[in-house]
S.K.: 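Quick one: the structure is below, and I'll ask about it shortly.
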Amino acid sequence: STIVVGVIDSGIDLTHPDLVPNLWTNRGEIPANGIDDDLNGSIDDVHGYDFVNRDGDPSDDNGHGTHCAGVIAARGDDGVGVAGVNWRLQVMAIKFLNYAGSGISSNAVLSLQYAVRNGCRLTSNSWGGGPASQAMLDAIRAAGAAGHLFVAAAGNAGSDNDAFAVFPASYPSDNVLAVAATDHA
C-alpha cells in the first residue's frame, strides 16, 4: 500500500504540477457536495482539511506547507520543477497555519487527530514556537499509541533543545522524532 504523510502546516498548493500526482485523495468523499460522505467528521475533505477556515480546501496561502510537501514528495524524473525525497509517497494536506504562518495549538491538536483518524502513520510538523501544551502532548501520545510517528522540526535557532525546549519537537514522547539540519561545521 502507498504511504501517506500528513503535512501539518499552511496547506499545500493543490495545483502544483510536482505535487498533484502525489496528493492523497479521500476516496470516500464526493467533492463539493457539502456532505461528510465518509462520516469522518470533515465535509468535502478530498485532499485534506483546513482547520483555519474550517473547510475541505487546505490550499496553501503562505507557501511553507507546499515547500515542505515538495521536499517530501515532489514527483521526480518528469522534467518539471524539483524532486522530493520519495516520488511515490502521497501527501495529505492538513492546514492549521494561516497566511502569515501563525496558528493555534487547538487547531494543531485537531490536525493531528485528523491525520491519525484518516490513516496517516506519519506526519511532518515543520513548525514550532510557543509554550508547551498538555493537549498537544496528549494528542501526540495518543497518536503514538496508534502507531503514529510525529516528525517535528528542531527549530531554526541552532540551540540545544535539551537546554532550551522547542515545541513540538521537545515533547517527551517516544513517537516524536526531532529533525535538524547541519553542515560541514
Side-chain angles (χ1 to χ4, degrees), residues 3-14 16 18-19 22-24 48-53 58-76 81-87 89-116 120-141 143-144 148-185:
I3 296 171
V4 179
V5 177
V7 179
I8 300 177
D9 208 288
S10 61
I12 296 176
D13 178 351
L14 303 177
H16 195 291
D18 266 344
L19 295 173
N22 290 342
L23 289 174
W24 170 76
Y49 198 76
D50 177 349
F51 288 95
V52 175
N53 300 298
S59 294
D60 192 354
D61 52 6
N62 173 278
H64 189 264
T66 299
H67 167 78
C68 294
V71 169
I72 295 166
R75 184 61 58 105
V82 299
V85 173
N86 188 319
W87 304 349
L89 288 176
Q90 291 184 346
V91 285
M92 179 187 292
I94 308 170
K95 179 181 177 71
F96 95 100
L97 298 174
N98 66 16
Y99 67 93
S102 296
I104 57 176
S105 60
S106 59
N107 284 344
V109 168
L110 291 171
S111 295
L112 179 56
Q113 291 170 338
Y114 175 87
V116 173
C120 282
R121 304 273 321 264
L122 167 70
T123 52
S124 167
N125 300 274
S126 185
W127 48 272
S133 158
Q134 186 63 50
M136 190 73 221
L137 176 57
D138 291 346
I140 290 169
R141 287 182 172 163
H148 184 89
L149 180 63
F150 186 91
V151 180
N156 296 326
S159 61
D160 179 349
N161 285 14
D162 290 328
F164 306 99
V166 175
F167 297 100
S170 295
Y171 281 116
S173 186
D174 291 343
N175 64 312
V176 173
L177 175 63
V179 296
T182 188
D183 61 21
H184 67 283

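Throughout, residue positions are numbered sequentially from 1 according to the sequence presented.
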S.K.: Between CZ of F96 and CH2 of W127, what distance do you get to the nearest 0.5 Å?
M.R.: 4.0 Å
S.K.: Taking all atoms of both residues into account, what is the closest heavy-atom pair of G6 and C120, and its distance?
M.R.: N-SG, 3.5 Å
S.K.: Answer yes or no: is there a side-chain heavy-atom contact under 4.5 Å between S173 and F150?
M.R.: no
S.K.: Distance check, rounded to the nearest 0.5 Å: I8 atom CD1 versus L112 atom CG?
M.R.: 5.0 Å
S.K.: Within the supplied structure, the quantity of interest is the number of heavy atoms (other residues, nucleotides, ligands) at a distance under 6.0 Å from N156 CG; does it exceed 12?
M.R.: no
S.K.: Between D18 (side chain) and A74 (backbone), is there a donor-acceptor pair under 3.5 Å?
M.R.: no
S.K.: Please report the shortest heavy-atom distance between A165 and S170, naming the atom on each side.
M.R.: CA-OG, 3.5 Å
S.K.: Show the nearest heavy-atom pair for residues L14 and P58, with the distance to one decimal.
M.R.: CD1-CD, 4.1 Å
S.K.: Taking all heavy atoms of I12 and all of A69, pick out the closest pair and write down the distance.
M.R.: CD1-CB, 3.7 Å
S.K.: How long is the straight-line distance from CG of L89 back to CG of L23, given to the nearest 0.5 Å?
M.R.: 12.5 Å
S.K.: Checking side chain to side chain contact (heavy atoms under 4.5 Å, CB included) for the pair S126/D9: CA distance, chi angles, key distance, verdict?
M.R.: CA-CA 7 Å; S126 185; D9 208 288; 4.0 Å; yes
S.K.: Is there a donor-acceptor pair under 3.5 Å between the side chain of S111 and the backbone N or O of I94?
M.R.: no
S.K.: Could you check whether any side-chain N or O of Y171 sits under 3.5 Å from a backbone N or O of S133, counting only pairs where one atom can act as donor and the other as acceptor?
M.R.: yes
S.K.: So how far is it from H67 NE2 to I72 CD1, rounded to the nearest 0.5 Å?
M.R.: 9.5 Å
S.K.: Which atom names give the shortest non-hydrogen contact between D60 and G65, and what distance separates them?
M.R.: OD2-N, 3.4 Å
S.K.: Looking at D61, V7, N62, N107, which one forms a side-chain contact (heavy atoms from CB on, under 4.5 Å) with K95?
M.R.: D61
S.K.: Counting neighbours of CG on D174 that are heavy atoms of other residues, nucleotides or ligands and sit closer than 6.0 Å, is the number greater than 12?
M.R.: no
S.K.: Could you pull out the closest heavy-atom pair between G155 and V166, with the gap in Å?
M.R.: CA-CG1, 4.4 Å
S.K.: Would you check if S59 and D50 make a side-chain contact, meaning some heavy-atom pair closer than 4.5 Å?
M.R.: no
S.K.: Can you tell me if N125 uses its side chain to pair, donor with acceptor, with the backbone of V151 under 3.5 Å?
M.R.: yes
S.K.: Scan R75, Q90, H16 and name whichever one has a side-chain hydrogen bond (donor to acceptor under 3.5 Å, both in side chains) with N22.
M.R.: R75
S.K.: Ignoring hydrogens and geometry, is there a side-chain-to-backbone donor-acceptor pair from N161 to A154 under 3.5 Å?
M.R.: yes
S.K.: Nearest 0.5 Å, what's the OG-CE distance between S105 and M136?
M.R.: 8.5 Å
S.K.: Does atom CZ of R141 have more than 12 heavy-atom neighbours, drawn from other residues, nucleotides or ligands, at distances under 6.0 Å?
M.R.: yes
S.K.: Could you give the distance from CG (D138) to CD (Q113), rounded to the nearest 0.5 Å?
M.R.: 10.0 Å
S.K.: Does any N or O in the side chain of R121 come within less than 3.5 Å of the main-chain N or O of H148, such that one atom is a donor and the other an acceptor?
M.R.: no
